[in-house]
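All heavy atoms count here, side chains included; hydrogens, waters and symmetry mates do not. Everything numeric here is computed off the predicted structure, so don't read it as measured data. Throughout, residue positions are numbered sequentially from 1 according to the sequence presented.
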Amino acid sequence: MAHHTTTPDWKLFSVVQAVYRQGPPLWDIEDWVQRKAVKFAQSVQSRVPNSAKLFRQHTTKAAYAEREARWADDEGDYRLHLLPAVDVMAEVIEDLVNGEDFPAKWDRRETIAVIKGGLHLADTKLTRRQREAIHLESLIGVDRRTAARAMNVGVKCAGSHLSSGWLELPKHRANPLVMRWFVESIGGTFPTKAVRSVKEEMPRNVQMPVPAGAIEENESV
């Protein structure tokens, strides 16, 4: 973060993650949260026992107003401030993989690695537009029109970037089956064209979760 003023342990990046997932990142959220923390640290509220909870509530509420103001002020000239997908989705990944609906035949730790690997590839192997589309529709979960507006492009163009991005990732060994499960489980959009490319028998060059128990068996040898 840009500022180094000491603030209490309010789990600031967890707040950054929450604000990022509210809607399009139309401003530098990480820097903004840090500034809010510095200001909050100077208030009376920062000295109460549940200050971390109060700070999170105050900041996430303020973020909605900030985003609405950005929508109004920058019409047609928005700039997206994307953060690394692995970082902003870390808590979501952990909660999902450790949840009740996790596929029984998959290993949890390996699946986390596969999802994070796919997100890293999305951030490093795709075009800026493809990355924006995936962050907006697949990870944050905004609708197509909102994504297009934030990207300053037409609706069809936004959809094209999303589809081409997900179709490109398996070429870099991302796993479309696991990524589709992840995206749809968190309420994001996995495009129809990419869904049709997901086969029961996966291409040989993609990374698959190992069967449950395999890691433990190997570690015990």
Subject >> Beyond-backbone contact of Lys11 with Val15, side-chain heavy atoms, under 4.5 angstrom >> reply: no
Original post:
Is any side-chain heavy atom of Val88 closer than 4.5 Å to a side-chain heavy atom of Phe13?
Top reply: yes
Would a distance-only check, ignoring hydrogens and angles, find a side-chain to backbone donor-acceptor pair under 3.5 Å from [X] to [Y]?
X	Y	result
Gln130	Thr127	yes
Asp123	Pro84	no
Arg129	Met151	yes

Interatomic distance, [X] atom [atom1] to [Y] atom [atom2] [nearest 0.5 angstrom]:
X	Y	atom1	atom2	answer
Leu139	Leu82	CG	CG	9.5 Å
Asn98	Ile93	CG	CD1	11.5 Å
Ile134	Leu169	CD1	CG	5.0 Å
Arg131	Ser138	CZ	OG	13.5 Å
Thr111	Asn175	OG1	CG	9.0 Å

State which residues pass salt bridge (charged side-chain N to carboxylate O under 4.0 Å, His left out) with [X]; sequence neighbours excluded, sorted by chain then number.
X	result
Glu68	none
Arg56	none
Arg128	Glu132

Could you pull out all donor-acceptor pairs under 3.5 Å where a side-chain atom in residues 154-163 meets a protein atom, sequence neighbours excluded?
{"from": "Ser163", "atom 1": "OG", "to": "Gly159", "atom 2": "O", "distance (Å)": "3.3"}

**OP:** Determine the interplanar angle of the Tyr20 and His135 rings, folded into 0 to 90°, and report it as parallel if under 30°, tilted if 30 to 60°, perpendicular if over 60°.
**Re:** perpendicular
With sequence neighbours excluded, tell me which residues meet side-chain contact (heavy atoms from CB on, under 4.5 Å) with [X].
X	answer
Ala147	Leu136, Glu137, Val142
Glu168	Leu126, Lys171, His172
Arg67	Val19, Gln22, Pro24, Leu26, Trp27, Ile29, Trp71
Val92	Arg21, Met89, Phe182, Ile186

Partners passing side-chain hydrogen bond (donor to acceptor under 3.5 Å, both in side chains) against [X] (at least two apart in sequence or in another chain):
X	answer
Asn152	none
Tyr78	Glu75, Arg149
Gln57	none

**OP:** Carefully, step by step, assess Trp32 and Val16 under the rule side-chain contact (heavy atoms from CB on, under 4.5 Å).
**Re:** CA-CA 9 Å; Trp32 181 83; Val16 171; over 6 Å; no
**OP:** Identify the heavy atoms of Ser14 and Glu91 that sit nearest to each other, and give their distance.
**Re:** OG-OE2, 2.9 Å
Subject >> Closest approach of Met179 to Val114 (non-hydrogen atoms, all atoms of both residues) >> reply: SD-O, 4.1 Å
**OP:** With sequence neighbours excluded, give me every ring pair (Phe, Tyr, Trp, His ring centres under 6.0 Å) pair touching residues 79-103.
**Re:** Phe102-Trp181
Subject >> Enclosure of Asp101 CG (heavy-atom neighbours >12, cutoff 6.0 Å) >> reply: no
Original post:
Are Thr59 and Phe40 close enough, and set up right, to give a side-chain contact (heavy atoms from CB on, under 4.5 Å), and what steps lead you there?
Top reply: CA-CA 9 Å; Thr59 307; Phe40 191 83; over 6 Å; no
Subject >> Steps toward side-chain contact (heavy atoms from CB on, under 4.5 Å) verdict (Val183, Trp166) >> reply: CA-CA 11 Å; Val183 168; Trp166 281 116; 3.7 Å; yes
